[in-house]
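Input: one structure, supplied below.
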There are 2 protein chains.
Amino acid sequence: MSTTKPVHAEMTQFAVDGGELQVGGVPLTRLAQRVGRTPFYAYDRALLTARVGHVRAHLPAPLRLHYSVKANPMPALVQHMATLVDGLDVASAGELRTALDTGFDPAHVSFAGPGKTDAELTQAIAAGVTLNAESPHEIGRAARIGDALGIAPRIVLRVNPDFELKGSGMRMGGGAKPFGIDAEQVPDCLRQLAALGIALQGFHIFSGSQSLKAEAIAESHARSVELALQLAGAARQPLPALYLGAGFGIPYFPGEQRLDLAPIGDNLAHWLARIDAELPGMRVSVESGRYLVGEAGVYVARVIDRKVSRGQVFLVTDGGLHHHLAASGNFGQVIRKNYPVAVGNRMAAEARETVSVVGPLCTPLDVLAERMDLARADVGDLVVVFQSGAYGLSASPTAFLGHPAPLEVLV
Amino acid sequence: MSTTKPVHAEMTQFAVDGGELQVGGVPLTRLAQRVGRTPFYAYDRALLTARVGHVRAHLPAPLRLHYSVKANPMPALVQHMATLVDGLDVASAGELRTALDTGFDPAHVSFAGPGKTDAELTQAIAAGVTLNAESPHEIGRAARIGDALGIAPRIVLRVNPDFELKGSGMRMGGGAKPFGIDAEQVPDCLRQLAALGIALQGFHIFSGSQSLKAEAIAESHARSVELALQLAGAARQPLPALYLGAGFGIPYFPGEQRLDLAPIGDNLAHWLARIDAELPGMRVSVESGRYLVGEAGVYVARVIDRKVSRGQVFLVTDGGLHHHLAASGNFGQVIRKNYPVAVGNRMAAEARETVSVVGPLCTPLDVLAERMDLARADVGDLVVVFQSGAYGLSASPTAFLGHPAPLEVLV
């Protein structure tokens, strides 16, 4: 019997043993005991390491890999990622502090964000990190603050390209945007930098993220490099670096498949050769957040009540929207779809049923799974939401309705 | 010349003087200096008092008015509300602590929520507050914990009615729901309570919230009272109390108008008379959160950059989605619409322009106003988001991208 109903990509990154999901090699029930309370997020250290290895194996060797801290700023996780990648990208003074705490070379930390305050610019310049400048006004402020501090600011121009990453979950470039400097305004900014006596460190071109289409990503990389080559011609000076958004997505919803990096790597190898010929010595980096950490994390909540309302089974857990807004379907999603979910201590159970998993909040938005086929669960069981390693806890309204914040562990 | 383009309801609750919005009688620029940094939320104490007075003036006098703390749990605000209302409703142990800190009589504090943990039930029973029981399983746990503590739990049955509040922003009743006990299961729960020797304190019937349709609200109140009378017949014991969800909404989006409470009050007066005849002595309370506090608050952010990208003007502020998720359009909204927004220190400016107001985050979701007609603003100006007194800060992912949390003041 065949069915065309779309299903989730298989969550085989975590082993199962004795019916228990294993996170970092620890059975889930044991892990919950060790954490001491539910709900919690758990990130698998070995999976993080393996994922960076996977990316490096598919991308050309000279390419540098940066981790975007905003995807998951848990300090222990950032510390681990810092041992694996070539650069850290931060989006606030808070993330900057986390990045510097790892001992990372500030020259390989970059700070992007369209609304940097004077205080943030001061901290970044004092730390010696690279600023991704987002506007002529910001360049002027950075120059003035650099003068006051007696430190030349390290400035990369963030370019708003005239194209976007097709089919991406988040479009960050193309058209009118608050991010970066429109490509056609870059020559003016180059003159501004020259007048201020600031040496340009490079370009940052980011056209979108969370794409599962290798072809669209390859095309956006190609167009980004073409744009960089063209802008470099206008710059009439050596350009130390080019920063590209990776754009790599992970599968969340039924019907989505994992991205094949091979054609993306082949395409980048072609363009690196072209860069070597035209702009020898320029370092090229790709920045990725979600792809590096998203699949290595789970969110775990305990079943508090099991109730049947008018024929429908609800598992009421101690976790929900306040801890995992994206999984509840309320973070930038137009139509709510289920994340992959399982009962982590009943992975081998034969008895199954269609249930909705909800949280403890008095709002119909507080849903972790809507009418999913899960192992039959009862009070005390542990519900697991997969694909929760990126934009999970930090993207959630933890104070909503006054429940305790969840814990995070790196296992 | 006429236009059919829908507009926002007028935000006349705040006075304007010398071109400055006044919050609690303080000009906005002065208030920002006093708070010491932006962004911040400011709530107007006099507007809160006036709003409770407005509700009491329109609802029949014997009706009791409860404040739902979840709408805005800022301690100073809850303390003020506690001086105005007859009861406080909480949704977690955190809100319970805030409510008890005001010195409120625990007998008039009630605790609702579909996933109460044993720890929360213990705290609530120890405090002597009323529990809105959501399932037979929860009743059993409350009884066991009450036995252990030597305190009889005060239990109200939360009933999932067989109808819902039509046209409401949040449907909380009708159909299969995780909230409360299906009306048809109530007789079983009454037998369960009798067997446990627990005296029922009453019923809680809540069919939805954020409705701007007086007729729909009146109908839901009527059906709730009818259901309560019918269930009371089955209870065969005196029922001390009935708790009704108010369902009152406030206007957020273009085209929405303020609710007229007069027909709602007339309708409730009719039903109170009926209750007095059939169930003399029963206290009837209505619970409201958003309606009491939502219009009394503003969110204030400062313009950090003003940029033009491909013909479109962007005001980049230090505030955004991370502080005010609902205003960004990412909290349970299908189609993003603008909240009412103004430039609070240029309320009398003649120069106007169409701009988008965005935040400092590297995500296209971080929008406070999309292509709105506002006073022409520049760096340093203060953007105000109205209708921000409920479900603002506490419903926002403040840790997202690592920026500092906003402050809150009650003026």
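Just the heavy atoms: all of them, side chains too, but no hydrogens, waters or symmetry mates, feed the values below. Convention: sequence-line order gives letters A, B, ...; per-chain numbering from 1.
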Which one of B/Ser135, B/Gly94, B/Gly359 has the most heavy-atom pairs closer than 4.5 Å to chain A?
->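 Answer, by heavy-atom pair count under 4.5 Å with chain A: B/Ser135.
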Do other residues, nucleotides or ligands put more than 12 heavy atoms under 6.0 Å from the CZ atom of B/Arg371?
->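 At most 12 heavy atoms, drawn from other residues, nucleotides or ligands, come within 6.0 Å of this atom.
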Heavy-atom side-chain contact between B/Thr363 and A/Lys70 under 4.5 Å = no
Answer with yes or no whether the side chains of B/Ser309 and A/Asp182 bring together a donor and an acceptor at under 3.5 Å.
-> yes
Which atoms of B/Glu134 approach chain A - backbone, side chain, both or neither, heavy atom under 4.5 Å | both
Tell me, side chain or backbone of B/Phe314 under 4.5 Å from chain A's heavy atoms, or both, or neither?
-> side chain
A/Glu138 bridged to B/Lys307 by N-O distance under 4.0 Å |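 B/Lys307 and A/Glu138: not salt-bridged.
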Flag the one option from B/Pro404, B/Gly175, B/Ala93, B/Pro136 with the top tally of heavy-atom pairs under 4.5 Å to chain A.
->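 Looking at each option in turn, the highest pair count goes to B/Gly175.
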Could you check which of B/Leu325, B/Asp305, B/Val367 has the highest count of heavy-atom pairs closer than 4.5 Å to chain A?
->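 Most heavy-atom pairs under 4.5 Å with chain A: B/Asp305.
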Stepwise, does the side-chain contact (heavy atoms from CB on, under 4.5 Å) test hold for B/Cys362 with A/Arg158?
-> CA-CA 12 Å; B/Cys362 283; A/Arg158 179 170 179 182; 3.3 Å; yes
Tell me, side chain or backbone of A/Leu321 under 4.5 Å from chain B's heavy atoms, or both, or neither?
-> side chain
Could you check if a side-chain atom of B/His137 sits within less than 4.5 angstrom of a side-chain atom of A/Ile304, using non-hydrogen atoms only?
->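 No, too far: nothing below the 4.5 Å cut-off.
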Any idea which of B/Asp318, B/Ile181, B/Leu361 has the most non-hydrogen atom pairs under 4.5 angstrom with chain A?
->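 The answer is B/Leu361.
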Proximal component of B/Ala183, with respect to chain A [non-hydrogen, under 4.5 Å] =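 Both parts, heavy atoms under 4.5 Å.
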Min side-chain heavy-atom separation B/His403-A/Glu120 under 4.5 Å =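 Side-chain contact under 4.5 Å: yes.
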Using the test ring pair (Phe, Tyr, Trp, His ring centres under 6.0 Å), find all partners of A/Tyr41 that sit at least two apart in sequence or belong to another chain.
->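 Here the qualifying residues are A/Tyr299, A/His324.
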By ring pair (Phe, Tyr, Trp, His ring centres under 6.0 Å), A/His204 pairs with (sequence neighbours left out) none
Find the one option among B/Glu184, B/Arg97, B/His322 whose heavy-atom pairs under 4.5 Å with chain A are most numerous.
-> B/Glu184
Would you say the side chain of B/Asp162 lies within less than 4.5 Å of the side chain of A/Arg310, judging by non-hydrogen atoms?
->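 Result yes, sub-4.5 Å side-chain heavy-atom pair found.
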Below 4.5 Å from any heavy atom of chain A, which atoms of B/Val379 appear? Answer side chain, backbone, both or neither.
-> side chain
Side chain, backbone, both or neither: which part of B/Arg141 has an atom under 4.5 Å from a heavy atom of chain A?
->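 Contact with chain A is through the side chain of B/Arg141 alone.
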Considering only heavy atoms from C-beta outward, does the side chain of A/Tyr391 approach that of B/Phe400 to under 4.5 Å?
->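 The answer is yes, as the side chains (C-beta and beyond) meet within the 4.5 Å cut-off.
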Any idea which of A/Pro114, A/Ala71, A/Gly311 has the most non-hydrogen atom pairs under 4.5 angstrom with chain B?
-> A/Pro114
Does the side chain of B/Leu401 come within less than 4.5 Å of A/Glu95's, by heavy atoms?
-> yes
Which atoms of B/Asp118 come close to chain A, meaning under 4.5 Å heavy atom to heavy atom: side chain ones, backbone ones, both, or neither?
->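 For B/Asp118, no heavy atom lies under 4.5 Å from chain A.
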Per-residue tally against chain B (heavy atom, under 4.5 Å) across A/Gly113, A/Pro178, A/Gly402, A/Ala395 peaks at A/Pro178
